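Everything on this sheet refers to the single structure shown next.
These numbers come from the heavy atoms of this one structure, side chains and all, not from hydrogens, waters or symmetry mates. Bear in mind the structure is a predicted one, so any value in this text is a computation, not a measurement.
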Protein chains: 2
Amino acid sequence: MLEAKLQEAGLLKKLLDAIKELVTDANFECNEEGINLQAMDNSHVALVSVLIQAAGFKRYRCDRPMPLGVNLGSLTKVLKCAKDDDICTLKAADEADLLNLVYEAKNSDRIAEYEMKLMDIDSDQLGIPETEYDARVTLPSNEFSRIVRDLSLLGESVRIEVSKEGVRFASEGEAANGSILLRQTEGSISGGKIVALSKDGDDDGEVKEEDDEEENEDDDEDEEGSKKKKKSKGKKEKKVKKEDGDEDEEMGDVDEDGEEEQDDESEDEEESNGKKRKKKASSSSKPAKKAKTSKSKKGDDDDDTSGVLIEMNQHVSLTFSLKYLVNFSKSGSLANKVQLMMSNDVPLLVAYEFDQGHIRYYLAPKIGDD
Amino acid sequence: MLEAKLQEAGLLKKLLDAIKELVTDANFECNEEGINLQAMDNSHVALVSVLIQAAGFKRYRCDRPMPLGVNLGSLTKVLKCAKDDDICTLKAADEADLLNLVYEAKNSDRIAEYEMKLMDIDSDQLGIPETEYDARVTLPSNEFSRIVRDLSLLGESVRIEVSKEGVRFASEGEAANGSILLRQTEGSISGGKIVALSKDGDDDGEVKEEDDEEENEDDDEDEEGSKKKKKSKGKKEKKVKKEDGDEDEEMGDVDEDGEEEQDDESEDEEESNGKKRKKKASSSSKPAKKAKTSKSKKGDDDDDTSGVLIEMNQHVSLTFSLKYLVNFSKSGSLANKVQLMMSNDVPLLVAYEFDQGHIRYYLAPKIGDD
DNA sequence: CTAAGGTGTT
DNA sequence: AACACCTTAG
């Protein structure tokens, strides 16, 4: 059976708000790791993947894996009956066709209980290849929302181009064309300089502008410690797939395969941080963990709420449907930042990472662009 | 002629907002006591009764009773032209077919004047039996709004059940079922204990904390009670009409329900004597003043803006159309609290009491419930 | 975080 | 009129 107690019903409400227009029905795959949802959008163009880790719950118990087939419209309705700060408990018996939701007002005598019918849904769990991307743009989620909303007024598509200049969002419409350029934020770790994405693995094929080889002291920045402040926080290294997303349990079975963990280091912790210091022989073997905690709070560059971080190994230029991006951007309420991960001719990954989970969208580029 | 000066146009605006979807046309019955409106909703299922006492006006003059037939849509439009804090004066000549509205900005030289056409409306003044209720639930009006709004997402009906446990609102729908339980607020006069309704009498709306009759009978609970309810109703003595609502301008009374007094003359008399005649039906004039001292803490219970107060003599369980309750709950902007008065198989009374008046709704239960 | 007000949209 | 969205004030 499942019993999952969420401190704030608001999280679930926001998640549902974010995806309910994209997907009508989906399986909530519950297992001891947490709750995962993965679904194609109704027109089979986009893919959404949601995870709430077990640790993200106030209490979590799931004896054995069970898929809960949920009509998201129904769940949205039921969740509308909860206040954001209600404590929300999800319960389901094994093989049950009902999901029980209990809302406890934080401070009152009010207890609301709902039971929602479940349904059988063919779970076409799609394995998502763990792609390595040529470019990653991290920007405030509200900035992203604004950009796609603005451009959607002009045209239907947006070309996203990452170059040394920065990241450009360009759209063409009948009435007008628009182009928005975001430069790397000055004062950031890289001092405004666009850095290379490091490969996740030991692959050094990418052009790293600088190397983590650096000693711990300045491993934070390219510039000579001009911005030391950052350093103190987490060890920032421009790398890879998901620095903020600690969870590397990529959706699908793919991650399960464990192929990904090419940990040069034997430490999972580190690897999960995406900070791979192959030669970190130096001092810290453990500090990585520390960084993790600190980052959960704030202070990590990636958590800088206002900055734009651009990492790239290669120029990318891709065109996407704005309609979907606008839809994705609804998740902005879940996280201050969003990451756009791109490689040419590969689906875009739009990732929002929050405390103990994430919501990620994949969208194939339009062809014939660029 | 009528001349009624309202300190705040906002009151009228809110009243109109509250009922305009329920009723399209209605007579504003003006007499020396104040302005009263009573109408069945368009589908003749619910009844709404609005009163603004003469004392509720900054100035009030009404030489003789006059009904003003108003199209509520028109009045709403005209009232939209007033700011909430405008001083609003209503004027009508005898036999006039025009209503004059003057808005004076509180602090400026602005004077706006509108005249609205009146219409003749057959006044089917329905007598409302002065029922004594088996249960009264007093709760914050926003809480009530929230509950009915939430449940209306799920189903069309709500079963309201008052028991020793508290008051439960339960609804069943296709997608989900919901149940909200409100317990008596701790720390209230009764310390969380659900008290019996006090009898009608000259009490000033106070609740008796300890009712001597509380322990002596069965009517508080038991399965038998439910079957005896009909019978008991006739003999029940612990009933309350309206503790807070002193105005007894009810049309008709249980005692005289055989006769509908629609006559202006007798009506006026009743209203003018309302306060005095209150005791006429109640044999016992048990003073409830005592209770007042015991409830020192939060002041008057009915003024406690956040608490839930439950008074009952007998378990009640009734089912109502949520659509109407949602409509009623719009009046929440007029008062912090709302009272639900119920007896089995009798129309629910939803009462909002504000400074010098009230808005009350009556809704017949659905049959075949419970 | 909630409530309220304003806007735009269907 | 209702809903969704955003901003603002408390």
Side-chain angles (χ1 to χ4, degrees), chain A residues 6-22 72-73 76-88 103-108 110 112 140-150 152-154 322-323 325-336 354-355, chain B residues 8-11 13-24 41-43 71-77 79-86 139-154 156 305-306 322-338:
Chain A
L6 209 49
Q7 181 61 43
E8 306 232 330
L11 173 63
L12 215 44
K13 295 177 69 169
K14 287 175 189 161
L15 282 171
L16 264 290
D17 277 347
I19 64 174
K20 69 168 191 286
E21 283 184 45
L22 221 44
L72 300 189
T76 299
K77 278 185 184 175
V78 174
L79 284 172
K80 283 220 172 101
C81 301
K83 296 180 74 171
D84 279 359
D85 61 349
D86 279 350
I87 296 166
C88 170
Y103 307 143
E104 299 170 63
K106 191 151 288 181
N107 50 357
S108 87
R110 187 185 207 266
S141 52
N142 54 4
E143 176 81 69
F144 180 61
S145 299
R146 179 70 201 244
I147 289 168
V148 296
R149 192 164 16 96
D150 284 353
S152 69
L153 296 176
L154 305 181
L322 276 166
K323 171 183 148 199
L325 297 184
V326 168
N327 227 318
F328 299 168
S329 72
K330 288 182 180 173
S331 298
S333 59
L334 284 157
N336 288 330
F354 49 87
D355 264 358
Chain B
E8 306 234 328
L11 173 63
K13 295 176 71 169
K14 287 175 188 161
L15 281 170
L16 264 289
D17 276 347
I19 65 175
K20 70 169 190 286
E21 282 182 52
L22 223 44
V23 183
T24 57
D41 83 295
N42 295 329
S43 52
N71 174 283
L72 300 188
S74 300
L75 181 53
T76 299
K77 281 183 184 171
L79 284 172
K80 283 222 168 97
C81 303
K83 297 183 65 177
D84 279 0
D85 61 349
D86 279 351
L139 70 163
S141 52
N142 55 4
E143 177 81 70
F144 180 63
S145 298
R146 178 75 202 234
I147 289 168
V148 295
R149 193 165 16 99
D150 282 354
L151 293 181
S152 68
L153 294 175
L154 305 181
E156 302 205 328
T305 185
S306 64
L322 277 166
K323 172 182 146 198
Y324 286 96
L325 297 184
V326 169
N327 226 318
F328 300 168
S329 72
K330 289 182 181 173
S331 298
S333 59
L334 285 157
N336 288 328
K337 307 208 66 119
V338 60

(Q) Checking contacts here: which listed nucleotide (C/dC1, D/dA2, D/dC6) is nearest the side-chain heavy atoms of A/Arg149? (A) D/dC6
Q | Separation of atom CG in B/Asp17 from atom C1' in C/dG5, rounded to whole Å | A | 14 Å
Q. Between atom CZ in B/Arg146 and atom P in C/dT2, what is the gap in whole Å?
A. 8 Å
(Q) What is the separation between atom NZ on A/Lys14 and atom C1' on C/dC1, rounded to the nearest whole Å? (A) 10 Å
Q. Within this structure, what is the CD1-to-P distance between B/Ile19 and D/dA1, rounded to whole angstrom?
A. 13 Å
(Q) Without decimals, in angstroms, what is the distance between A/Lys106 NZ and C/dT2 C1'? (A) 13 Å
Q. Any side-chain heavy atom of A/Lys20 sitting closer than 4.5 Å to one from A/Asp17?
A. yes
Q) Choosing from C/dT2, D/dA4, C/dC1, which nucleotide comes nearest the side chain of A/Glu8? A) C/dC1
Q. What residues form a side-chain hydrogen bond (donor to acceptor under 3.5 Å, both in side chains) with A/Lys14, not counting sequence neighbours?
A. none
Q) Once you round it to whole Å, what is the distance between P of C/dG6 and CG of B/Asp84? A) 9 Å
(Q) Tell me the interatomic distance from A/Lys13, atom NZ, to C/dC1, atom P, rounded to whole angstroms. (A) 11 Å
Q: Check A/Pro140, A/Ser145, A/Ser141 against A/Glu143 for a side-chain contact (heavy atoms from CB on, under 4.5 Å) and give me the one that passes.
A: A/Pro140
**Q.** Closest to the B/Lys20 side chain, choosing from D/dA4, C/dT2, D/dA1
**A.** D/dA1
**Q.** Partner set under side-chain hydrogen bond (donor to acceptor under 3.5 Å, both in side chains) for A/Arg146, not counting sequence neighbours
**A.** A/Asp150
Q: From the options C/dT2, C/dA3, D/dA2, select the nucleotide whose nearest atom is closest to the side chain of A/Asp85.
A: C/dT2
Q: Provide, to the nearest angstrom, the distance between the CG atom belonging to A/Asp150 and the P atom belonging to D/dC5.
A: 17 Å
Q. Counting side-chain heavy atoms from C-beta on, which of D/dA1, C/dT2, D/dA4 comes nearest to B/Glu21?
A. D/dA1
Q: Using side-chain contact (heavy atoms from CB on, under 4.5 Å) as the criterion, point out the one residue from B/Leu22, B/Val148, B/Asp41 that pairs with B/Asn327.
A: B/Leu22
Q | Phosphate contact (D/dA4 OP1 or OP2) by A/Lys330 side-chain N/O below 4.0 Å | A | no
